Amino acid sequence: MITTPRASATPRRRVATALLALAAMLSAGACSVANSGPEASSGAANTVRVVLPEEPPTLEPCDASLTATGRVTRANITEALTERDPGTGQLQPALATKWNQDSPTEWTFTLREGVKFHDDTAFDAKAAAFSIDRTVGSKIDCNVDGYVFGGIELTATVVDASTLKVKTAKPDPILPLRLSFVEIVPTTTSTTGKVREPVGTGPYKIAKWDTGRSLRLDRFAGYWGKAPDFAAAEYVWRAEGSIRAAMIKSDEADVAVGLAAEDGVGDAAVQFPNNETSYLRIDATKPPLDDIRVRQAINSAIDRDGLVASVFAGLGKPAGQLVPEGVTGHSSAIQPWPYDMAQAKKLIAEAKADGVPTDTTIKIIGRNGIYPKAAEAMEVVQNSLIEAGLSVKIEMLDVNAWLEYLLAPFPKNLGPTLLQAQHGNQAGDAAFTMGQIYGSKGAQSSYGTAELDDLIGDAEQASGEERQTAFAKALEYQNKDVVRDAVIAHMTGILGLSKKVTYKPNAATNDEMRLADLHPAG
C-alpha cells in the first residue's frame, strides 16, 4: 500500500516518498516467486496451472461423464454419493457413508452429515434425491442418463435428512456403482435446462470462467473433507500438443494433458494407461454401411499395428473390443481384427456386385484433440478405406460441434458416417459400455438389433460370474454378427508435469483429474 504524505510535506518530499514506495513495490515484485502469496506462508502453494487440449463445453454436472467436462468437474467442483477407487476397483464412500440392499430392487443410503454446498446451503437427502431425479428423470438430455442408466427406471425417496432410499423397477446389482456418476447439486439447480457453472460440495468452487481464455477454481473453505494443498487451480487450453509441452518447459503450466511422444516435453513426460479405447462408430443404418460386408471390410482394411507403431508412437495396444481387460464383461475370445487388405477389397467387390452403392461418399467425422495426432490417424484410415474401394472424406470438428454427432438425437439428413470416438470404462463394468453404445436406444448408439438388446438386458440383470459370462457373450455376438464399429486401440496417455508438482496419474486421470491428488513438490 502507498501511503499518502501529509499536506505539509514539500513537493520534493512528496516525490521522494512516492519514489521510495514505488521502489519498495518493485523490489517486492522482483523477489516474488510463482505460487507464492498470502497462503504460502501457511505452507500451502497458491495456484496450480493446468493446460488442457480444449475448453470444456460446459461444467454441467449431469454431463460429467464427458471427458472434457469430467476432468474439471468430477470430484473437484461436485461429488457423488459413492466413488470408485481406480487402483483397486473398490467402491468407496463419498457423500454417502454406507449403503445396504434391502431387496433386489431397493437400497438404503446413509448420508454424510455436516456437508455444505458452495452456496452455504446444507447437503441432505432432499438434495440427493433431487440430483438423482434431475440426472435420470428429467428431460434435459443428461449424458450420464444415457451413458450410465440407459433407460433404467428408479425412484429416490427421502426417509429423513441423512437417509435416502432408491428403488429400481428391475433388480440392479450395481446401482451404488451407477450412482457414483450422479453429481450432487442443491435443489435450487435448474431442472429445465443445463447449468454452465454448477454449485457443488467439492473441495473447489468456480471463481471465474473467462470464456475462451481461462477457468479458475478456488479452494472451498467450507469443504467437509481434508483441504487440498493448492489454494486455486487455473485451467487454460491450447489445441497444439507441442504448445502444451512448451508451456511445461517454460514454466507457464504445471500440468499438461493429452500429449504425444513427439510433442517434446522431455523428462517432464509421465506415461500411464488411460483406460481409453479409440474406435470408429459405423452408422450401419445407411448404405453402403448397412451391408455387413462393408463393415467387415472397413475392419479388415485398418492396419492397427501400423497405426499404433507410427501415428501413436507405440503408445497403445491394438484392440478388438471396447471393454478392456480387467473390466467385468471383457471377452478374451475377441482379438484385434486382423489386417487383410485383400479381404477388404474382396468384400467391397462382392457388395458392389450385389448392387450395394459402394461409391457413395462416406464421411469420417473427426474431433480435434480427442487424442494426440487425431487428424493424422483419420488420414491413415481414410487412405486405407480408399485403397479398399470406398469413397471417403474427412471433416474434423471441435468438441462442441462433434458432440452433436456423438449423442442422440443425431443431426438429420446425414449421409453414411464414421465417427471418430474414444471410450473409457473407468467404472469397471460392461454395463457402462454396452447399453449406451450398442443398445438400440443407447445415447451414443447409431444402430442396434433386437437380439443384441436381449443379450445386454440379460447381462445387466446378472451377478457375479454369470454377469461376466453374459456380457462377454453379448460382446462376442456384436463382434461377429453386428460389427457396429471398428475398434482401433487401447490407448496410453502422456501428461507433462513440472518439477514444482507431484502427481501420480491413474486409469481415471483422462476422465477426472482430482486436484486434491496434486501436491507441491518437496
Side-chain angles (χ1 to χ4, degrees), residues 50-57 65-72 237-245 248 255-265 269-281 302-324 336 364-384 394-403 405-406 418-426 433 437 444 485-496 505-513:
V50 182
V51 55
L52 306 174
E54 59 201 359
E55 181 174 13
S65 55
L66 297 172
T67 295
T69 298
R71 65 161 58 111
V72 176
W237 28 90
R238 301 290 183 269
E240 293 294 327
S242 58
I243 293 177
R244 296 195 298 277
I248 293 290
V255 183
V257 175
L259 298 180
E262 66 275 7
D263 285 333
V265 75
V270 180
Q271 294 184 18
F272 64 101
N274 65 9
N275 203 33
E276 298 283 352
T277 303
S278 58
Y279 71 106
L280 290 172
R281 186 183 73 192
I302 298 175
D303 182 0
R304 292 162 177 79
D305 289 301
L307 266 173
V308 169
S310 58
V311 178
F312 300 150
L315 296 173
K317 179 181 178 182
Q321 59 189 302
L322 289 183
V323 178
I364 294 178
I365 299 172
R367 173 182 151 193
N368 294 314
I370 190 170
Y371 45 75
K373 304 191 78 171
E376 290 90 334
M378 292 304 96
E379 289 169 4
V380 171
V381 170
Q382 178 192 35
N383 291 335
S384 296
I394 300 173
E395 182 177 359
M396 297 299 296
L397 303 175
D398 290 333
V399 60
N400 285 312
W402 174 85
L403 283 172
Y405 296 88
L406 175 70
L418 304 175
L419 182 76
Q420 181 185 27
Q422 189 168 240
H423 174 65
N425 193 319
Q426 65 166 342
T433 300
I437 290 181
Q444 297 185 30
D485 55 22
V487 180
I488 299 174
H490 299 310
M491 310 293 279
T492 296
I494 298 179
L495 58 79
N506 54 53
T509 290
N510 204 55
D511 297 309
E512 57 178 61
M513 178 175 285

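Scope of the values below: all heavy atoms of this structure, side chains included, with no hydrogens, waters or symmetry mates. Note that the coordinates shown come from a computational prediction; the quantities given were computed from them, not determined experimentally. Note that the numbering runs from 1 along the sequence shown for the chain.
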| field | For Ala486 against Ile302, the heavy-atom pair lying closest together | value | CB-CD1, 4.0 Å
| query | Should the heavy atoms of other residues, nucleotides or ligands under 6.0 Å from CG of Asp398 be counted, would the total exceed 12? | reply | no
| field | side chain to side chain contact (heavy atoms under 4.5 Å, CB included) evaluation trace for Met378 with Leu280 | value | CA-CA 10 Å; Met378 292 304 96; Leu280 290 172; 3.7 Å; yes
Could you list the donor-acceptor pairs under 3.5 angstrom formed between side-chain atoms of residues 314-324 and any protein atom two or more places apart in sequence or on another chain?
{"unit_1": "Gln321", "atom_1": "OE1", "unit_2": "Ser331", "atom_2": "N", "d": "3.1"}
{"unit_1": "Gln321", "atom_1": "NE2", "unit_2": "His330", "atom_2": "ND1", "d": "3.3"}
{"unit_1": "Gln321", "atom_1": "NE2", "unit_2": "Ser331", "atom_2": "O", "d": "2.6"}

| Pairwise distance OG1(Thr277) to NE2(His423) - rounded to 0.5 angstrom | 7.0 Å
| said: Nearest 0.5 angstrom please: Asn510 CG to Met491 CE, how far? | reply: 9.5 Å
| message | Under a 3.5 Å cutoff, is there a donor and acceptor pairing between the side chains of Asp511 and Thr67? | response | yes
| Test item: Asp263 side-chain N/O and Ala260 main-chain N/O as donor-acceptor pair under 3.5 Å | yes
| message | Measuring from atom CH2 of Trp402 to atom CD of Glu54, what distance do you get when rounded to the nearest 0.5 angstrom? | response | 8.5 Å
| query | Do Arg244 side-chain atoms and Ala239 backbone N/O form a donor-acceptor pair below 3.5 Å? | reply | yes
| Between Arg367 and Leu397, is any pair of side-chain heavy atoms under 4.5 Å apart? | no
Pairs of donor and acceptor atoms involving the side chains of residues 369-377, under 3.5 Å and at least two apart or interchain, shall be tabulated with distances.
{"unit_1": "Tyr371", "atom_1": "OH", "unit_2": "Gln420", "atom_2": "NE2", "d": "3.0"}

| said: What I'd like to find out is whether the side chain of Asp303 reaches to under 4.5 Å of the side chain of Val380, using heavy atoms alone. | reply: no
| Glu276 side-chain N/O to Gly424 backbone N/O, donor-acceptor pair under 3.5 Å | yes
| query | What distance separates Leu66 CG from Arg71 CZ, expressed to the nearest 0.5 Å? | reply | 11.0 Å
| query | Which pair of non-hydrogen atoms, one from Ile488 and one from Phe312, has the smallest distance, and what is that distance? | reply | CG2-CE1, 4.4 Å
| query | Only one of Leu418, Leu419, Ile365, Ile437 forms a side chain to side chain contact (heavy atoms under 4.5 Å, CB included) with Arg281, so which one is it? | reply | Leu419
